[in-house]
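Just follow the structure's listing: the first ligand is 1, and inside any ligand the first atom is 1.
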Amino acid sequence: MSDSSVNTDFFVVKALEDGVNVIGLTRGNDTKFHHSEKLDKGEVMIAQFTDHTSAVKVRGKAVIQTSHGELENS
Ligand code: TRP
């Protein structure tokens, strides 16, 4: 898929504790983990949904901002 409205969508994850995991899940028929990024407290990850990534799983306490709003994970 090369839809620019999909591929320009950013999200932000700010870790509120050590060891928060941001896990990228593959786009397409198979939904698999393809990348896991570990954030320590105060670290921020800014990323996009891409041709390879259609879903993201966040484990741990974090603030998550997307175009749909902001939420805090506990
Ligand atoms: N190589 C991955 C990609 O282009 C990098 C990536 C983008 C990623 N967004 C992500 C990894 C979200 C984990 C979570 O899709």
(request) Would you mind checking if K61 and E72 are paired as a salt bridge, meaning a charged N to carboxylate O distance below 4.0 Å? (result) yes
(message) Is there a polar contact, in the sense of an N or O pair closer than 3.5 Å, between T53 and ligand 1?
(response) yes
(message) If we ignore hydrogens and angles and just use 3.5 Å, is the side chain of N73 paired with the main-chain N or O of V58 as donor and acceptor?
(response) yes
(request) Give a yes/no verdict on whether any heavy atom in Q48 is under 4.0 Å from an atom of ligand 1. (result) yes
(request) Kindly determine whether F49 and F10 satisfy side chain to side chain contact (heavy atoms under 4.5 Å, CB included), including the steps that lead there. (result) CA-CA 7 Å; F49 293 97; F10 279 88; over 6 Å; no
(request) Could you tell me whether H52 atom NE2 has more than 12 heavy atoms of other residues or ligands within 6.0 Å of it? (result) no
(message) With heavy-atom distances below 4.0 Å as the criterion, list the atoms of ligand 1 near H52.
(response) 4 (O), 15 (O)
(request) Step by step, work out the side chain to side chain contact (heavy atoms under 4.5 Å, CB included) result for V12 and V44. (result) CA-CA 7 Å; V12 176; V44 172; 3.8 Å; yes
(request) Considering only protein heavy atoms, determine whether one is less than 4.0 Å from atom 4 (O) of ligand 1. (result) yes
(message) When you compare ligand 1 with T50, is there at least one nitrogen or oxygen pair between them that comes in under 3.5 angstrom?
(response) yes
(request) Distance to 0.1 Å, residue and atom name: give those for the protein heavy atom nearest to atom 14 (C) of ligand 1. (result) G24 CA, 3.7 Å
(request) Could you tell me whether the side chain of T26 and the main chain of D30 form a donor-acceptor pair under 3.5 Å? (result) yes
(request) For F11, take its heavy atoms, then give the atoms of ligand 1 lying under 4.0 Å from any of them. (result) 12 (C)
(message) Can you tell me which portion of H34 lies within the under-4.0 Å heavy-atom range of ligand 1? Options are side chain, backbone, both, or neither.
(response) side chain
